[in-house]
Peer 1: 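Before anything else, here's the structure in question.
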Amino acid sequence: FGGEGGKWLGGFDRLFLKGLTVDSVSGSIPESVWIMFQMTFAVITPALIAGAYAERMKFSAVLMFSSLWLILVYAPVCHWVWAEGGWLFEMGVLDFAGGTVVHINAGISALVVALVLGPRKGFPKTMMPPHSLMFTVVGASMLWVGWFGFNAGSELAADGTAGMAMLVTQISSAAAALTWMFIEWMKHGKPSVLGIATGAVAGLVAITPASGTAGPAGAIVIGVVSGAACFWSATAMKRRFGYDDSLDAFGVHGVGGFIGAILTGVFAAGSLGGSEGELAIGAQLGKQFIGAFATLVYAGALSFVILMFTQAVVGLRVSADQETEGLDITLHDEKGYDL
């Protein structure tokens, strides 16, 4: 967000938060609060990628890859979309709370990591369910509630836009959770809480870029479409291509983020209940596709380069014995804890 940057990269005029004081403001809030808010986006985005390589990447590689990825991939894309002067910002790409910056960015990078690392031992023949469904539900519930802070908070004010962002976030997530549940019920004869939790996250992901512009009806459509598409990508597509995306980071965040980014260009229109008035849907769709595809290409290519560099310096994957015994013990010495 440096003011001296250009279309592609931010500047260094605020390096190490130069010029920040207790009286600094950003819009209507203290700049320190705005910085902390942006830090949460920067922290969570590389963490999403970890869902793809869980149980098989060295911790040293995790640190190196995540640090380089944050600087070389996240920061430029964030500048493109959210900083004044960024080329996608100036083009008019809509991304209220991070569908492109966070979810497409991390999702495609997660797929690249999964392909480079290869599958876990035994995948896909060995069943690998979550360690604890209770933890899964607790975590999904925390995400659901915390997402209101991301989406509504992106307005940086307690006003009508923030209120609508919170409402459509709830609607989309609920619609996606139910969609996933009913598809699973029809396909397998039984609904599952794991499916409901995953569907809810898919709906949260997809509404993120549209949360500041879509209305309730648009949120229902976005939730239903993302719930169905992410179910397909996390099951049929993953089996078809054989990649081991441990926590479906690509299947939920990549696919859900792409769907949300594109549908933002539809449901922002005032005629469909959005907040953008007489929006030219066709023209806006073109902008949304450009933003989404540019992020896919850039993040995917740079992620591969960073992985190759990390492989050359510290290596990427743990040994077969370490993977079998478990990384909690072999890499972190977490012995005797009932996790």
Peer 1: Are Ile104 and Leu115 co-members of a hydrophobic cluster defined by side-chain heavy atoms under 4.5 Å apart?
Peer 2: yes
Peer 1: Following the transitive rule for hydrophobic clusters with a side-chain heavy-atom cut-off under 4.5 Å over Ile, Leu, Val, Met, Phe, Trp and Tyr, establish whether Val297 and Val112 coincide in one cluster.
Peer 2: no
Peer 1: Where do Ala228 and Thr179 come nearest, in terms of heavy atoms and distance?
Peer 2: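 That closest heavy-atom pairing would be N-CG2, 3.7 Å.
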Peer 1: Look at the aromatic rings of Phe150 and Phe37 and report parallel, tilted or perpendicular, splitting at 30° and 60°.
Peer 2: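 The arrangement is tilted - the two ring planes meet at 30° to 60°.
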Peer 1: Please check if the side chain of Gln284 supplies one atom and the backbone of Val266 the other of a donor-acceptor pair under 3.5 Å.
Peer 2: no
Peer 1: Check whether Val25 and Val33 end up in the same hydrophobic cluster, where Ile, Leu, Val, Met, Phe, Trp and Tyr are linked by side-chain heavy atoms less than 4.5 Å apart.
Peer 2: no
Peer 1: Sub-3.5 Å donor-acceptor pair from the side chain of His188 to the main-chain atoms of Ile183, do we have one?
Peer 2: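 No; zero donor-acceptor contacts below 3.5 Å.
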Peer 1: With hydrophobic residues grouped by side-chain heavy-atom distances under 4.5 Å, do Leu194 and Phe135 end up in a single group?
Peer 2: no
Peer 1: Does Asp328 use its side chain to pair, donor to acceptor, with the backbone of Glu334 at less than 3.5 Å?
Peer 2: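 Answer holds: no.
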Peer 1: Suppose we call two aromatic rings close when their centres sit under 6.0 Å apart. Are Trp147 and His103 close by that rule?
Peer 2: yes
Peer 1: In Å, rounded to the nearest 0.5 Å, how long is the span from CG of Leu167 to CD1 of Ile207?
Peer 2: 9.5 Å
Peer 1: In this structure, is the centre-to-centre distance between the rings of Trp8 and Tyr298 below 6.0 Å?
Peer 2: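 Ring-ring flag for Tyr298/Trp8: false, centres at least 6.0 Å apart.
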Peer 1: Could you list all the salt bridge (charged side-chain N to carboxylate O under 4.0 Å, His left out) pairs where at least one residue sits in residues 102-129, not counting sequence neighbours?
Peer 2: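 Passing the test, one end in residues 102-129: Glu55-Arg120, Arg120-Asp244.
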Peer 1: Looking only at heavy atoms, which two atoms of Phe96 and Ala165 are closest? And how far apart?
Peer 2: CE2-CB, 4.4 Å
Peer 1: Which of parallel (below 30°), tilted (30 to 60°) and perpendicular (above 60°) describes Phe65 and Trp69?
Peer 2: tilted
Peer 1: Say you draw a straight line from OG1 of Thr264 to CG of Leu285; how long is it, rounded to the nearest 0.5 Å?
Peer 2: 10.0 Å
Peer 1: When you measure from the side chain of Glu276 to the backbone of Ala268, do you find a donor-acceptor pair of N or O atoms at a distance under 3.5 Å?
Peer 2: no
Peer 1: With distance as the sole test, does Gln288 use its side chain to make a donor-acceptor pair with the main-chain N or O of Leu263 at under 3.5 Å?
Peer 2: no
Peer 1: Counting distance only, does the side-chain N/O of Thr45 pair as donor-acceptor with the main-chain N or O of Ala42 below 3.5 Å?
Peer 2: no
Peer 1: Spell out, yes or no, whether Tyr243 and Phe231 are grouped together once hydrophobic residues are joined by side-chain heavy atoms under 4.5 Å, including indirect joins.
Peer 2: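 No; Phe231 is not reachable from Tyr243 via cluster members.
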Peer 1: If you measure from OG1 on Thr198 to CE on Met181, what distance do you get to the nearest 0.5 Å?
Peer 2: 13.5 Å
Peer 1: Mind checking what makes salt bridge (Lys or Arg N to Asp or Glu O under 4.0 Å) contact with Glu323, not counting sequence neighbours?
Peer 2: Arg317
Peer 1: With ring-ring contact (aromatic ring centres under 6.0 Å, His included) as the test, pick out the partner of Trp82 among Tyr74, Phe41, Trp87, Phe89.
Peer 2: Phe41
Peer 1: Does the side chain of Val93 come within less than 4.5 Å of Ile290's, by heavy atoms?
Peer 2: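 Counting from C-beta outward, Ile290 and Val93 never come under 4.5 Å.
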Peer 1: State the CZ-CE distance between Phe309 and Met64, to the nearest 0.5 angstrom.
Peer 2: 5.5 Å
Peer 1: Is the number of heavy atoms from other residues, nucleotides or ligands under 6.0 Å of Phe304 CZ greater than 12?
Peer 2: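 Open: at most 12 neighbouring heavy atoms sit under 6.0 Å from CZ of Phe304.
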Peer 1: So does Thr169 get a backbone contact from the side chain of Ser172, meaning a donor-acceptor N/O pair under 3.5 Å?
Peer 2: no
Peer 1: To check you understand the geometry: which heavy-atom pair defines the closest contact between Ser109 and Ser303, and what is its length?
Peer 2: OG-OG, 2.8 Å
Peer 1: So which atom in Val205 and which in Gly256 form the shortest heavy-atom distance, rounded to 0.1 Å?
Peer 2: CG1-C, 3.6 Å
Peer 1: Mind checking the CZ-OG1 spacing from Phe59 to Thr330? Nearest 0.5 Å is all I need.
Peer 2: 12.5 Å
Peer 1: Under the criterion side chain to side chain contact (heavy atoms under 4.5 Å, CB included), I'd like the reasoning laid out for Val201 against His253: C-alpha separation, chi angles, the key distance, then a yes or no.
Peer 2: CA-CA 8 Å; Val201 175; His253 295 277; 4.2 Å; yes
Peer 1: Look only at the side chain of Gln322 and the backbone of Ser319, and say whether a donor-acceptor pair between them is shorter than 3.5 Å.
Peer 2: yes
Peer 1: Might you work through the side chain to side chain contact (heavy atoms under 4.5 Å, CB included) test for Phe267 and Thr213, ending with a clear yes or no?
Peer 2: CA-CA 7 Å; Phe267 292 106; Thr213 52; over 6 Å; no
Peer 1: Looking at residues at least two apart in the chain, or sitting in another chain, which of them share a salt bridge (Lys or Arg N to Asp or Glu O under 4.0 Å) with Glu31?
Peer 2: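 Only Arg14 meet the salt bridge (Lys or Arg N to Asp or Glu O under 4.0 Å) criterion with Glu31.
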Peer 1: Please determine whether a side-chain nitrogen of the Lys or Arg among Lys238 and Asp248 lies less than 4.0 Å from a carboxylate oxygen of the Asp or Glu.
Peer 2: yes
Peer 1: Using the rule given for ring-ring contact (aromatic ring centres under 6.0 Å, His included), can you reason through Phe1 versus Trp34, listing the C-alpha separation, both sets of side-chain angles and the distance that settles it, and then say yes or no?
Peer 2: CA-CA 11 Å; Phe1 292 97; Trp34 183 81; 4.8 Å; yes
Peer 1: Taking the six-membered ring for Trp, are Trp185 and Phe182 parallel (under 30°), tilted (30 to 60°) or perpendicular (over 60°)?
Peer 2: parallel
Peer 1: Say you draw a straight line from CG of Asn105 to CH2 of Trp80; how long is it, rounded to the nearest 0.5 Å?
Peer 2: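 Reported to 0.5 Å precision, the distance equals 8.5 Å.
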Peer 1: Donor-acceptor pair, distance only, cut-off 3.5 Å: does the side chain of Thr126 make one with the backbone of Phe123?
Peer 2: no
Peer 1: Pair Leu178, Val224 - check side chain to side chain contact (heavy atoms under 4.5 Å, CB included), show working.
Peer 2: CA-CA 8 Å; Leu178 289 170; Val224 170; over 6 Å; no
Peer 1: Is the backbone of Leu63 close enough, under 3.5 Å, to the side chain of Ser66 for a donor and an acceptor to pair up by distance?
Peer 2: no
Peer 1: When you compare the side chains of Thr21 and Ser24, does any donor N or O come within less than 3.5 Å of an acceptor on the partner?
Peer 2: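 Per modelled atom types, Thr21 and Ser24 side chains form a pair under 3.5 Å.
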Peer 1: Which atom pair, heavy atoms only, marks the closest approach of Ser246 to Gly51?
Peer 2: CB-O, 3.2 Å
Peer 1: Answer whether the closest heavy-atom distance between the side chains of Ile222 and Ile259 falls below 4.5 Å.
Peer 2: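 A side-chain contact is absent here, since even the closest heavy-atom pair is not under 4.5 Å.
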Peer 1: Apply side chain to side chain contact (heavy atoms under 4.5 Å, CB included) to Val221 and Val225, showing your working.
Peer 2: CA-CA 6 Å; Val221 176; Val225 172; 4.1 Å; yes
Peer 1: For a quick test of reading the model, state the closest non-hydrogen atom pair linking Leu331 to Lys58 and the distance between them.
Peer 2: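 Here Leu331 and Lys58 meet closest at CD1-CA, 4.2 Å.
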